[in-house]
Amino acid sequence: MVWELSRPKAGYQNTTIVDVSRNGMRLIIDRKLLRGGQVAIDFRGMVICGKVQYCVPEEDRFAVGIRIGDVMDQVAEDAA
């Protein structure tokens with residue numbers, strides 16, 4: 001799931017993570033995200049915060065590039 005932090009009332013949208021690297025990730029989503037916008041991605045108990053680098057149409061969805069800024073491991077933080 002991904003949230004646009006600048007538009008919290010828009011809620012979250014489901015996403016497919018296509019690729020992950022040390023500094024970024026590529027997502028496929030249903031709605032367009034604004035370039036430069038801050039997002040939070042919930043992935044298997046972690047929250048990944050980042051910035052939208054691009055958002056381009058891909059078939060009937062959008063391909064989104066995210067530059068990762070921070071990763072918070074909720075499981076480890078809950079245990080501390």
Side-chain angles (χ1 to χ4, degrees):
M1 293 182 279
V2 63
W3 289 267
E4 284 184 88
L5 299 178
S6 62
R7 297 176 45 199
K9 290 186 180 183
Y12 69 89
Q13 59 178 312
N14 289 323
T15 186
T16 301
I17 298 173
V18 178
D19 188 28
V20 178
S21 69
R22 178 184 297 217
N23 297 315
M25 57 194 330
R26 184 171 184 261
L27 313 174
I28 300 294
I29 61 172
D30 292 329
R31 292 190 317 243
K32 184 175 181 176
L33 298 178
L34 294 176
R35 184 171 180 237
Q38 298 293 320
V39 296
I41 301 151
D42 182 353
F43 178 68
R44 296 184 182 173
M46 293 183 290
V47 176
I48 302 165
C49 298
K51 184 176 181 180
V52 177
Q53 298 298 301
Y54 65 85
C55 183
V56 295
E58 186 170 288
E59 297 179 15
D60 60 339
R61 300 179 83 196
F62 292 90
V64 181
I66 304 292
R67 168 151 319 275
I68 296 172
D70 196 14
V71 177
M72 295 170 276
D73 185 352
Q74 291 176 329
V75 175
E77 290 177 5
D78 288 343

S.K.: Arg35: what forms a salt bridge (charged side-chain N to carboxylate O under 4.0 Å, His left out) with it, not counting sequence neighbours?
M.R.: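 Arg35 satisfies salt bridge (charged side-chain N to carboxylate O under 4.0 Å, His left out) with no residue once adjacent residues are dropped.
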
S.K.: Side-chain polar contacts of residues 47-54 - donor-acceptor pairs under 3.5 angstrom, sequence neighbours left out - could you list them?
M.R.:
none

S.K.: How close do Phe43 and Ile17 get, counting heavy atoms only, and between which atoms?
M.R.: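 Residues Phe43 and Ile17, closest heavy atoms: CD1-CD1, 3.5 Å.
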
S.K.: With rounding to the nearest 0.5 Å, note down the distance linking CG in Leu33 to CD in Glu4.
M.R.: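 Going from the CG atom of Leu33 to the CD atom of Glu4 covers 4.5 Å.
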
S.K.: Could you report the tightest heavy-atom contact between Met1 and Thr15, atom names first, then the distance?
M.R.: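 Distance-wise, the nearest heavy atoms are N-CG2, 3.9 Å.
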
S.K.: Kindly give the heavy-atom pair with the smallest separation between Asn14 and Ile29, and that separation in Å.
M.R.: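 Heavy-atom minimum between the residues: O-CG2, 4.1 Å.
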
S.K.: Once rounded to the nearest 0.5 Å, what's the spacing between atom CE of Met72 and atom CG of Asp42?
M.R.: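 Going from the CE atom of Met72 to the CG atom of Asp42 covers 10.5 Å.
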
S.K.: Can you get from Tyr12 to Phe62 by hopping between Ile, Leu, Val, Met, Phe, Trp and Tyr side chains that sit under 4.5 Å apart?
M.R.: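 Not linked; separate clusters.
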
S.K.: Of all the heavy-atom pairs spanning Ile68 and Arg22, show the shortest one and how long it is.
M.R.: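 Heavy atoms only, the tightest pair is CD1-O, 4.4 Å.
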
S.K.: Roughly how far, to the nearest 0.5 Å, is the CD1 atom of Ile41 from the CE atom of Met25?
M.R.: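 Spacing of CE (Met25) from CD1 (Ile41) equals 4.5 Å.
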
S.K.: For Ala63 and Glu58, which heavy atoms make the closest approach, and how far apart are they?
M.R.: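 Heavy atoms of Ala63 and Glu58 come nearest at CB-OE1, 3.6 Å.
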
S.K.: Looking at CZ of Arg61 and SG of Cys55, how far apart are the two atoms once the value is rounded to the nearest 0.5 Å?
M.R.: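 Going from the CZ atom of Arg61 to the SG atom of Cys55 covers 11.5 Å.
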
S.K.: Find out if a path of hydrophobic residues (ILVMFWY) with successive side-chain heavy-atom gaps under 4.5 Å connects Val2 to Leu5.
M.R.: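 No: no chain of side-chain contacts under 4.5 Å links Val2 to Leu5.
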
S.K.: For residues Ile66 and Val39, report the shortest heavy-atom separation together with the two atoms involved.
M.R.: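 It is CD1-CG2, 3.7 Å.
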
S.K.: Please check if Val18 and Val64 belong to a single hydrophobic cluster, counting links between Ile, Leu, Val, Met, Phe, Trp and Tyr side chain heavy atoms closer than 4.5 Å.
M.R.: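 No, it is not one cluster - the side chains of Val18 and Val64 are not joined through contacts under 4.5 Å.
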
S.K.: Donor-acceptor pair, distance only, cut-off 3.5 Å: does the side chain of Gln13 make one with the backbone of Arg31?
M.R.: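 Looks like yes, one N/O pair under 3.5 Å.
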
